[in-house]
There are 2 protein chains.
Amino acid sequence: MQSCKFFGYLARAAPGVRPQLTNHYNMALTYYKTEDQVLLAVDCIIFGFDEEELKLVLVKRSMEPERGKWSLIGGFMKKDEDLDQAAARVLETLTGLSDIYMEQLYAYSKVDRDPGQRTVSVAYFALIDVASHQFEGVQLETAQWFPLSQAPHLIFDHNAMVEKAVARLRRRAMTMPIGFELLPEKFTMRQLQALYESILDKKLDKRNFINKFKSLDVLIRLDEKDMTVARKGAYLYRFDKEKYDRKVEEGFSFKL
Amino acid sequence: MQSCKFFGYLARAAPGVRPQLTNHYNMALTYYKTEDQVLLAVDCIIFGFDEEELKLVLVKRSMEPERGKWSLIGGFMKKDEDLDQAAARVLETLTGLSDIYMEQLYAYSKVDRDPGQRTVSVAYFALIDVASHQFEGVQLETAQWFPLSQAPHLIFDHNAMVEKAVARLRRRAMTMPIGFELLPEKFTMRQLQALYESILDKKLDKRNFINKFKSLDVLIRLDEKDMTVARKGAYLYRFDKEKYDRKVEEGFSFKL
DNA sequence: CCGGTTAAGTGTGAAAAACACACGATCAAT
DNA sequence: ATTGATCGTGTGTTTTTCACACTTAACCGG
């Protein structure tokens, strides 16, 4: 945006001081040096859907102490990357998955949240379709899908992170037709409804649901049918990303 | 929650390693040492309302270079405080205001967002009633209220922060009767409506607005009238925090 | 090949919420 | 006493939401 933004924080901290051009750099160094630095972690709440229910990935700690304790996957942000990149890297490193929908959730910063060292953690949540994104790699010997309702106690403040992520996912689901990230490319209405039911944790009426979605006009009904699911077979649908994006720009609302 | 959470990140980073109980601490130190630390800043978007329109506080940088550039108020988080505390401290230091509604907004982390040094900034937004919270102190020689629509270009990514804060405020206003923070304790319906109109940036119908709020049942009409505002005088209302909190727990929705 | 079984697809009417809309009341100032 | 400014109020219309039950297609087994 601007060219020289060097004294942003300096200006605020010492508004009376008027440094000369000759020593900007030193002053900044001096100033910054007095400030504390902290470790910045990212933790990922990875939601998945597998035709039945909403799940999340947890990793089991395999060593003492705390053997048997579960945790979100996480890692530290490096100096040469931003938080989004760190979250994507952590996800890829630990699951082999890339190009996944991720969204920043909240920064957790309680002083004693990590007894090891002062760490601030920024939680991210990710959405993936379980079936079409099988994990690869040994890292995940310890990782496991948990049905949301059966998630165990987690270390640190990870349970709070999960709760907040669920709340966010729920709000997203109710206000915009998110959730396609959680389904395969082609899906049936039944699957979509099951997804919404498990996100919102309540039963929805079949007809009202389909009507609502039809009126949103972001689905394309294909000529194919999924014959495995019923004698009669169920139409497959595809998400119309273009129409969706156009509607997002127009700022459409959506209520379930 | 649990007692010994020490190896949370270690476990994830090196799942194959199984440290002995005797050297937990050293291993953790070694591990943590290899990770980068960064400066963590907080920047505050301070919204205010003064009977007419929505404003925000900006501080003018008074020294070269960048003289005349505006910025949000901000500062760095210290090791012995969390982000909420840091935000409250920054707000109090620079404006003398304490006990103000604040909410974490988003963490900004682009590598080059602050050319001075690698800094991640967590934005907070605050809501205050301009009239009953006059600034004190010299610090604010450089601070100034700006009507939202007339806010200037800001340093770094501060404009993006403001945009996001406005979006959040708008969503809040539409889904829960927030905004009482922005009004004096007693207020007229007209003021409340003017506030909502300036948050949502559109005209609302007087009768529908009052009906909507009446049906929410979180306002108490006082016997007093504000006679300055019209010949006839306008009823004063008070926010019923108890009822409101009860409703929030029941998870009420609200749409404007 | 025919009847039985299973899940899919489909539309309407009632209730609730949202919206548009206009005029009389009050009091101060002149 | 008249004027002017602004407050306060209620109803009818439209839109959205919700509840609800039967027919259809295809496979399966006898």
Side-chain angles (χ1 to χ4, degrees), chain A residues 51-52 173-177 183-184 186-198 200-238 247 250-256, chain B residues 51-52 170-171 173-177 183-184 186-198 200-238 247 250-256:
Chain A
E51 320 265 313
E52 283 191 14
M174 280 195 295
T175 50
M176 56 185 66
L183 290 173
K186 298 172 183 179
F187 51 86
T188 67
M189 269 295 164
R190 267 43 275 307
Q191 283 175 280
L192 185 60
Q193 186 177 341
L195 170 61
Y196 270 81
E197 287 179 345
S198 76
L200 300 175
D201 195 28
K202 69 176 176 196
K203 283 266 166 241
L204 299 171
D205 179 82
K206 195 162 49 157
R207 281 164 290 188
N208 292 337
F209 183 82
I210 202 171
N211 287 341
K212 177 66 65 112
F213 255 99
K214 269 192 187 151
S215 74
L216 275 177
D217 192 31
V218 292
L219 294 184
I220 299 167
R221 184 161 100 174
L222 307 174
D223 287 329
E224 289 175 83
K225 283 192 163 190
D226 178 353
M227 301 308 290
T228 65
V229 65
R231 316 280 187 222
K232 188 179 171 183
Y235 284 110
L236 285 168
Y237 288 79
R238 195 161 64 69
K247 293 203 173 221
E250 292 161 10
F252 79 127
S253 71
F254 169 79
K255 192 157 163 264
L256 214 75
Chain B
E51 321 264 313
E52 284 191 15
R170 226 161 249 177
R171 208 166 47 238
M174 280 196 295
T175 51
M176 57 185 62
L183 290 173
K186 298 172 183 178
F187 50 87
T188 67
M189 268 296 165
R190 269 42 275 308
Q191 282 176 282
L192 185 59
Q193 184 177 343
L195 170 61
Y196 270 80
E197 287 180 344
S198 76
L200 300 176
D201 195 27
K202 70 175 175 194
K203 283 265 165 242
L204 300 171
D205 180 83
K206 193 162 54 160
R207 281 162 290 186
N208 294 337
F209 183 82
I210 202 171
N211 287 340
K212 176 66 65 106
F213 255 98
K214 268 191 187 150
S215 74
L216 275 177
D217 193 30
V218 291
L219 294 184
I220 299 167
R221 183 161 101 173
L222 307 174
D223 288 330
E224 290 176 81
K225 283 193 163 191
D226 177 351
M227 300 308 289
T228 65
V229 66
R231 313 287 185 218
K232 187 181 172 184
Y235 284 111
L236 285 168
Y237 289 79
R238 195 161 63 70
K247 294 202 172 221
E250 293 161 9
F252 80 125
S253 70
F254 168 79
K255 193 160 163 267
L256 214 77

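Keep in mind that what you see is a predicted model, and the values were worked out from it rather than measured. In what follows, every chain begins at residue 1, and chains take the letters A, B, ... in the order their sequences are listed.
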Take the protein atom [atom1] of [X] and the nucleotide atom [atom2] of [N], then report the distance between them rounded to whole Å.
X	N	atom1	atom2	result
A/I210	C/dA7	CD1	P	17 Å
B/R190	D/dA5	CZ	P	16 Å
B/L222	D/dG8	CG	C1'	16 Å
A/D205	C/dA8	CG	C1'	14 Å
B/N211	C/dC19	CG	P	13 Å
B/D226	D/dT6	CG	C1'	12 Å
A/K225	C/dT6	NZ	C1'	14 Å
A/E224	D/dA25	CD	P	20 Å

**Item:** Stepwise side-chain contact (heavy atoms from CB on, under 4.5 Å) test for A/L219 and A/L192
**Value:** CA-CA 11 Å; A/L219 294 184; A/L192 185 60; 4.0 Å; yes
**Prompt:** Salt bridge between A/E197 and A/K202, side-chain N to carboxylate O under 4.0 Å?
**Reply:** no
**Request:** Could you point out which residue of A/Y196, A/Y237, A/F187 forms a ring-ring contact (aromatic ring centres under 6.0 Å, His included) with A/F213?
**Result:** A/Y196
Distances for protein N/O vs nucleotides 27-30 of chain D N/O pairs under 3.5 angstrom?
none

Write down the protein N/O and nucleotide N/O pairs, taken from nucleotides 13-18 of chain C, whose separation is under 3.5 Å; answer none if there are no such pairs.
unit_1, atom_1, unit_2, atom_2, d
C/dA18, OP2, B/K212, NZ, 3.4

**Asked** For the side chain of A/R207 and the base of C/dA8, is some donor closer than 3.5 Å to an acceptor across the two?
**Response** no
**Request:** Go through the N and O atoms of the side chain of B/K232 and the base of D/dG8, and report whether any donor-acceptor pair is under 3.5 Å.
**Result:** no
**Asked** Are the side chains of A/V229 and A/R190 in touch, meaning some heavy atoms are under 4.5 Å apart?
**Response** no
**Asked** Quick one: does A/M174's side chain get under 4.5 Å of A/L200's, heavy atoms only?
**Response** yes
**Message:** If you assign each of A/K206 and A/G233 to its closest nucleotide in DNA chain D, which residue comes earlier from the 5' end?
**Reply:** A/K206
**Prompt:** Of the candidate nucleotides C/dA8, C/dG11, D/dC7, which contains the atom at the shortest distance from the side chain of A/N208?
**Reply:** C/dG11
**Complete:** CG of B/N208 to CD of B/Q193, rounded to nearest 0.5 Å, is 9.5 Å
**Message:** Just verifying a value: how many Å separate A/L195 CG and A/L183 CG, rounded to the nearest 0.5 Å?
**Reply:** 5.0 Å
**Message:** How close do B/G233 and B/M227 get, counting heavy atoms only, and between which atoms?
**Reply:** CA-SD, 3.5 Å
**Item:** Phosphate OP1/OP2 of D/dT9: any B/R221 side-chain N/O under 4.0 Å
**Value:** yes
**Request:** List the steps, then state whether side-chain contact (heavy atoms from CB on, under 4.5 Å) holds for A/T188 with A/K225.
**Result:** CA-CA 8 Å; A/T188 67; A/K225 283 192 163 190; over 6 Å; no
**Message:** Any base atoms under 4.0 Å from A/K214, or only sugar-phosphate, or nothing? Heavy atoms, all strands.
**Reply:** sugar-phosphate
